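Keep in mind it's a predicted model, so treat the numbers as computed, not measured. Proteins get letters first, then strands, A, B, ... in listed order; numbering begins at 1 in each.
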Amino acid sequence: MSDATAELSAEQQLAADTNEQREVRLAKRDRLIAEGEAYPVSVPVTTTIAAVRAAHPDLEAGAETDDEVGIAGRVVHVRNTGKLCFAAIQAGDGTRIQIMVSLAAVGETSLKRFKELVDLGDHLFVHGRVIASKRGELSVFVDQWQIASKAIRPLPNLHSELGEEFRVRNRYLDLIARQQARQMVITRAATNASLRSTFAAHGFTEIETPMLQTVHGGASARPFTTHSNAFDTELFLRIAPELFLKRALVGGIDRVFEINRNFRNEGADSTHSPEFAMLEAYEAYGDYNSIADLTQELIQNAARAASPDGSQTVTWADGTRYDFSGQWDRIDLYGSLNEQLAAAYTGEGQAPQITVETPIDQLQALADAVDLKLDPKTATHGKYVEELWEHYVKPGLERPTFVMDFPLDTSPLTRQHRSKPGVVEKWDLYVRGFELATGYSELADPVVQRQRFVEQSLLAAKGDPEAMQVDEEFLAAMEYGMPPAGGMGMGIDRLLMALTGLGIRETVLFPLVK
RNA sequence: GCGCCUCUAGCUCAAUUGGCAGAGCAGCUGACUCUUAAUCAGCGGGUUCUGGGUUCAAGUCCCAGGGGGCGCACCA
């Protein structure tokens, strides 16, 4: 580099991002290294903080035991008094225990070093007997201690709530500070394990399908695009795994599911993230009824896994109890819409009735009447009906509810209803006011599928960036014969939201931030 | 993408009409052998997001940019 000022040495960069507290701790690190170790390869732990607490559930104040333990944890509290120092250390699971370092037990030099070198945030190893302090606090009475890892940056103030942005950008600190943050990680893992175990119980096989796709399809959404140097071609980050899972179905993996990430280049808010975890499942020789049964069971089992008492009633962050148990309602989309339309109708004569025959201009008038605005370029019968349904029916749904039988034109991958003309065998599952999952009797006729793709590509030509492309390779697979099947998709992040009552940014450990 | 709000010490937040940039916790020095956000005495710590502008004087007002939040649009 000719411009030397643009280049900072590592040392200069280190110095540039610093403050007094960091400098002090760096000096302590230097001293620890000079005297021995600041980052020992390991420390001789004999047990965990949780195990110590469990072994001595109700020690009386002032009681002493001869239980000698070696434990380690992060220092979250220090009270250095003259000849008896107190500190609290915290394990990764959030359990804490007090430690006591006394002049009598460790001697003058060790006590002095403890006061000079141990800071909030350090990982500390202590060895000693388990006792209860005179005030009854379970403690380890230290005879040996050692810093297990010296922290250079100060821990945030643990007594005030961390700001939302700070928590998201520094999740590791959020995990140290907040039990709720730790709990979400555990709940999420337990939920995923529960889903997989329910699938296993029903004979499903988990597979992984491409994240990078050459053809954009499987759902209606704007994709992220990228470029492959090796293939010299444009690639899409998948918006859905559907078309590959169905290829697997053609290949004879009759009960198949995938839990993995999808990417959609759309707005981000409290219920939408650009990358989100998605579950999709397909069941050969099933239909949208059987897959609804399975979905209900998957979620009810997940609720058991997520709820502290193992029941199907979960407690949300705001204290609300939400009950997933029992048989969930299955309501008809057009029927429930017409009911609410009639209830809201104040005019003369009969309330308007919406059917699959209702022309667009009438739907548009109904939408205009309640200020629903759709883009006339891409609006269809189905889009109007779904918008009207969301306006009239959705807000009144409390319990988990399957909404059945959707307009044909908004569901290009779905099979026509076996007996009702003009609708498809599709349901949406609504929980807590948002769409949690969607299920279909899958379209198996390759000729109809081709027509639907062509209709989609015409929409794309008209400027709809969400419309799918014609996927010839997928069509070829279907032409070899796809078994009749029920299919389902569910947002994992949304499932966590439904189980915990938190926003999507809380359910994702490391959400995308600029 | 459009509109509104917001950004101050390591963290959480104050700062009157434009008039010396502060508190709590954290840090440093000292005292204290049972503390629970210990207490007491003293001390240090700031590019007020960035860059311009107005003004005798800008954390505060104006313009542009950046981060974040909320609403609308789009969507799961």
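- The number of heavy atoms from other shown groups lying within 6.0 Å of CD (A:E398) does not exceed 12.
- Listed by first and then second residue, the salt bridge (Lys or Arg N to Asp or Glu O under 4.0 Å) pairs that reach into residues 91-111 of chain A come to none, sequence neighbours excluded.
- For the residue pair A:N170 / A:Y172, a side-chain donor-acceptor distance below 3.5 Å is found, with atom types taken as modelled.
- B:A21 sits 16 Å from B:G44 when the C1' atoms are compared, rounded to a whole Å.
- The interatomic distance linking A:N265 (CG) with B:A73 (P) rounds to 20 Å, in whole Å.
- Near RNA chain B, meaning a heavy atom under 4.0 Å away, the residues from residues 88-100 of chain A are A:Q98, A:M100.
- In terms of position on RNA chain B, the residue among A:F141 and A:F263 whose nearest nucleotide sits closer to the 5' end is A:F141.
- For B:A9 and B:C49, the C1' atoms lie 15 Å apart once the distance is rounded to whole Å.
- Look at CZ on A:F86: it is 13 Å from C1' on B:U39, rounded to the nearest Å.
- Base engagement by A:L103 is indicated by at least one non-hydrogen atom pair under 4.0 Å involving a base atom.
- Residue contacts shown for A:N80 include a base, since a base heavy atom lies under 4.0 Å away.
- Contact annotation for A:S139: no contact, since no heavy-atom pair falls under 4.0 Å across all strands.
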Pairing string of RNA chain B (Watson-Crick or G-U wobble, both atom distances under 3.5 Å; | = paired to other strand) is (((((((..((((.....[..)))).(((((.......))))).....(((((..]....))))))))))))....

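- The P atoms of B:U17 and B:U60 are separated by 15 Å, rounded to the nearest whole Å.
- Here, B:C74 and B:U16 have their P atoms 42 Å apart, quoted to the whole Å.
- If you take atom C1' in B:C56 and the same atom in B:C63, they sit 23 Å apart, rounded to whole Å.
- Spacing between atom CZ of A:R167 and atom P of B:G69 amounts to 12 Å, rounded to whole angstrom units.
- Within the nucleic acid shown, A:E435 comes within 4.0 Å of sugar-phosphate atoms alone, with no base atom in reach, counting heavy atoms only.
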Which atoms of nucleotides 9-14 of chain B (N or O only) lie under 3.5 Å from a protein N or O atom, and what are those distances?
from, atom 1, to, atom 2, distance (Å)
B:G10, N7, A:Q21, NE2, 3.4
B:U12, OP1, A:G163, N, 2.9
B:U12, O4', A:S160, OG, 3.0

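- Remark: A:Q469 engages A:V215, A:H216, A:F236 in a side-chain contact (heavy atoms from CB on, under 4.5 Å) (not counting sequence neighbours).
- Of the candidate nucleotides B:U33, B:C28, B:G68, B:G68 has the atom lying nearest to any side-chain atom of A:E165.
- To the nearest whole angstrom, the two C1' atoms, one in B:C7 and one in B:A15, are 16 Å apart.
- Side chain of A:E280 to main chain of A:G487: no donor-acceptor pair is present (N/O by atom type, distance under 3.5 Å, no hydrogens or angles).
- For A:E64 and B:C34, the CD to P distance is 15 Å, given to the nearest whole Å.
- Regarding contacts with the backbone of B:G69, a side-chain N or O of A:R505 is found under 4.0 angstrom from either OP1 or OP2.
- OP1 or OP2 of B:U33 sits under 4.0 Å from a side-chain N or O of A:K83.
- Distances shown here put every side-chain N or O of A:R264 at or beyond 4.0 Å from the OP1 or OP2 atom of B:C74.
- Of the candidate nucleotides B:G67, B:G69, B:C34, B:C34 has the atom lying nearest to any side-chain atom of A:K134.
- Between the P atoms of B:G10 and B:G18, the separation comes to 28 Å (whole Å).
- We find that CZ of A:R169 is positioned 11 Å from C1' of B:G66, with the value rounded to whole Å.
- Smallest separation of non-hydrogen atoms from A:K115 and A:T81: NZ-O, 3.1 Å.
- Taking 4.0 angstrom as the limit, A:R135 places none of its side-chain polar atoms (N or O) nearer than this to OP1 or OP2 of B:C34.
- Here A:D119 pairs with A:K28, A:K150 under the salt bridge (Lys or Arg N to Asp or Glu O under 4.0 Å) rule; sequence neighbours left out.
- For A:E297, the CD atom counts as densely surrounded, since its 6.0 Å shell holds more than 12 non-hydrogen atoms of other residues, nucleotides or ligands.
- Counting atom types as modelled, A:S133 pairs a side-chain N or O with a base atom of B:U35 as donor and acceptor under 3.5 Å.
- B:G45 and B:C5 have their C1' atoms separated by 31 Å, given to the nearest Å.
- Side-chain atoms of A:Y430 and A:D329 form no donor-acceptor pair, as typed in the model, at a separation below 3.5 Å.
- Closest heavy-atom contact between A:V130 and A:T65: O-OG1, 2.6 Å.
- The distance from atom CD of A:E137 to atom C1' of B:U35 is 9 Å, rounded to the nearest whole Å.
- Between A:K115 and B:G30 there is no side-chain N or O to OP1 or OP2 distance below 4.0 Å.
- Computed from coordinates, the A:E23 CD to B:G44 P distance equals 19 Å when rounded to whole Å.
- In this entry the distance linking CZ of A:R153 with P of B:G45 reads 21 Å, nearest Å.
- Using a 4.5 Å heavy-atom cutoff, the side chains of A:V385 and A:Y334 are in contact.
- Annotation: side chain of A:E242 is in contact with side chain of A:E442 (closest heavy-atom distance under 4.5 Å).
- In this structure, A:Q179 places its CD atom where more than 12 heavy-atom neighbours from other residues, nucleotides or ligands lie under 6.0 Å away.
- A:E275 has its side chain out of reach of A:L237: every pair of non-hydrogen atoms, C-beta onward, lies at least 4.5 Å apart.
- Residue-to-nucleotide proximity on RNA chain B shows that, of A:R25 and A:K383, the 5′-proximal contact is made by A:R25.
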